Amino acid sequence: MPDRAPQPVDRQLPTEEARDLISLVRDIAQQEIVPKAAEEEDAGRFPRELFTLLSRSGLLGLPYDSEYGGGDQPYEVYLQVLEELAAARLTVGLGVSVHSLASYALAAYGTKEQQVEHLPAMLGGGLLGAYCLSEPHSGSDAAALRTKAVRDGDAWVITGTKAWITHGGIADFYTVMARTGEEGPRGITAFLVPGDAPGLSAAPPEKKMGMKGSPTAQVHFDGVRVLDDRRIGEEGQGLTIALTALESGRLGIAACAIGVAQAALDEALSYATERRQFGKPIADFQGLRFMLADMATQIEAGRALYLAAARLRDAGRPFARQAAMAKLHCTDTAMRVTTDAVQILGGYGYTADFPAERYMREAKVLQIVEGTNQIQRMVIARHLVGPEGR
């Protein structure tokens, strides 16, 4: 195994506090995440104790208000934390991103009373969240979801099945979109459902090609009863809440993708400078040098794209188009870079003795989750030329 240590990414950070935060994340990554990543992924083991540590360290609520236990960090900083975590292990980086996504609805649309009651535990109390929008028959077409919530006095009774839920079966709370009214986008409402609610259960985790340590499962709601004070926002506002959350979530996926790509480039550089063929390091051959140059350029471009979108968000300006662009470009970059890393390592890249093959398997899912890249192209095109069929 090559032992040339990768150089940390030279980050442009807005404050000294942000620099200290990145230093803390790097220490946790090197001491707590990297040494166990390959073994735990191979075993399909979710590092719940690590998420408890991240919560205690203030890393699960970074972009949220400190009044409720958050970190008051701009998205520009939060996303770079995600990138560092994903470079160490995607299960961790993506897990933090999904937790943030699951917390968004209450933080952005909840009442003051709801936020005071629930957010401190969600952001810094050791809880882990999941986001429930997709269903077996409604993925990209989110407005076609079938899970229903029926009013019963001062409560709602939720019945249905959600699919492809990260942290399904292990989450402490689920942000759930359910149909409370008419068919289509206007009949959907958001709810905050406790993970131990009677009638809530999860199927066995999906058997995936990558991210085996991160459980992805169907979640079943069999007459789950939640009080109306766990309804988030107005009745019928759920799809707006869900899609608004996904705009920010896509930036999280983009940052995670660049983290995986950076890890793959570091591995390829380490191997190429130490592996010798024909009497010299293979990094001296022009074909490989050009591959490495292209990989580095794509990563830098992706990082700049997601940070530009984050800065728009931090400034309170529209960023949906840029978020879709960042998600599209960064995840496609991760797929290209990880594939090239396997190629540079040759036969060794195809073995589990080196992490390059794991990076390649993990990169694929990032082109699918939180809106496939085909959906991202549709979103971008709508911003450019308007909706289809005008």
Side-chain angles (χ1 to χ4, degrees), residues 44-56 60-61 64 68-69 91-92 94-107 109-111 113-136 145-180 189-206 213-233 238 241-242 245:
R45 187 178 306 126
F46 181 74
R48 184 57 195 261
E49 69 287 349
L50 176 62
F51 278 82
T52 301
L53 171 63
L54 295 177
S55 181
R56 289 202 306 264
L60 290 191
Y64 294 114
Y68 305 113
T91 285
V92 178
L94 188 69
V96 174
S97 181
V98 167
H99 176 83
S100 182
L101 177 67
S103 303
Y104 176 87
L106 191 67
Y109 291 88
T111 65
E113 292 75 16
Q114 288 175 322
Q115 292 168 347
V116 168
E117 181 177 359
H118 300 295
L119 275 180
M122 291 163 62
L123 300 181
L127 301 187
L128 186 66
Y131 177 83
C132 296
L133 177 61
S134 294
E135 298 184 0
L145 66 82
R146 300 176 184 175
T147 294
K148 289 187 177 181
V150 178
R151 190 70 181 252
D152 181 21
D154 63 350
W156 296 84
V157 179
I158 303 175
T159 303
T161 296
K162 295 296 181 176
W164 310 111
I165 305 305
T166 299
H167 304 153
I170 65 169
D172 299 297
F173 66 91
Y174 295 84
T175 296
V176 181
M177 309 303 158
R179 186 164 303 284
T180 56
T189 302
F191 297 91
L192 182 67
V193 180
D196 60 355
L200 189 156
S201 63
E206 306 288 350
S214 176
T216 304
Q218 289 192 356
V219 178
H220 305 300
F221 299 84
D222 185 10
V224 173
R225 187 180 180 87
V226 294
L227 294 177
D228 187 57
D229 62 13
R230 282 183 170 267
R231 171 178 48 84
I232 304 173
I241 293 172

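Note that the structure is a prediction, hence the values are computed from the model and not measured.
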### Task
Classify the ring geometry between Phe51 and Phe46 as parallel (under 30°), tilted (30 to 60°) or perpendicular (over 60°).
parallel
Is it true that a side-chain atom of [X] and a backbone atom of [Y] form a donor plus acceptor pair closer than 3.5 Å?
{"X": "Arg179", "Y": "Leu145", "answer": "yes"}
{"X": "Gln114", "Y": "Thr111", "answer": "yes"}
{"X": "Arg48", "Y": "Leu50", "answer": "no"}
{"X": "Arg151", "Y": "Gly153", "answer": "yes"}
{"X": "Thr175", "Y": "Ala102", "answer": "yes"}
{"X": "Glu135", "Y": "Thr147", "answer": "yes"}

Do you know which two heavy atoms are closest between [X] and [Y], and how far apart they sit?
{"X": "Gly129", "Y": "Ala171", "value": "C-CB, 4.0 Å"}
{"X": "Ile241", "Y": "Ala105", "value": "CG2-CB, 3.6 Å"}
{"X": "Ala149", "Y": "Ala178", "value": "CB-CB, 3.9 Å"}
{"X": "Gly168", "Y": "Ala202", "value": "C-CB, 4.1 Å"}
{"X": "Ala245", "Y": "Leu101", "value": "O-CD1, 3.4 Å"}

### Task
Answer yes if the side chains of Ser214 and Thr91 hold a donor-acceptor pair under 3.5 Å, and no otherwise.
no
### Message
Between Thr161 and His220, do the side chains contain a donor N or O and an acceptor N or O under 3.5 Å apart?
### Response
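Their side chains do contain a donor-acceptor pair, which is all the 3.5 Å distance test asks for.
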Is there a side-chain contact between [X] and [Y], using heavy atoms and a 4.5 Å cut-off?
{"X": "Ser55", "Y": "Leu60", "value": "yes"}
{"X": "Trp156", "Y": "Thr180", "value": "yes"}
{"X": "Glu49", "Y": "Pro47", "value": "yes"}
{"X": "Val176", "Y": "Lys162", "value": "yes"}
{"X": "Ser103", "Y": "Leu123", "value": "yes"}
{"X": "Val92", "Y": "Leu54", "value": "yes"}
{"X": "Thr189", "Y": "Met177", "value": "no"}

How long is the span from the [atom1] atom in [X] to the [atom2] atom in [Y], to the nearest 0.5 Å?
{"X": "Cys132", "Y": "Gln218", "atom1": "SG", "atom2": "CD", "result": "11.5 Å"}
{"X": "Arg146", "Y": "Thr159", "atom1": "CZ", "atom2": "OG1", "result": "14.5 Å"}
{"X": "Gln115", "Y": "Tyr68", "atom1": "CD", "atom2": "OH", "result": "4.5 Å"}

### Query
Pick from Tyr174, Phe173, Tyr131: which one makes a ring-ring contact (aromatic ring centres under 6.0 Å, His included) with His99?
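Looking at Tyr174, Phe173, Tyr131, the match for His99 under the ring-ring contact (aromatic ring centres under 6.0 Å, His included) is Phe173.
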### Summary
Tested for side chain to side chain contact (heavy atoms under 4.5 Å, CB included) against Val226, the lone hit among Leu200, Leu192, Val193, Val157 is Val193
### Message
Test side chain to side chain contact (heavy atoms under 4.5 Å, CB included) on Leu128 and Ile170; report intermediate values, then the result.
### Response
CA-CA 8 Å; Leu128 186 66; Ile170 65 169; 4.1 Å; yes
### Query
Would you say Asp222 has more than 12 foreign heavy atoms packed within less than 6.0 Å of its CG?
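No, CG of Asp222 has 12 or fewer neighbouring heavy atoms, counting only those of other groups under 6.0 Å.
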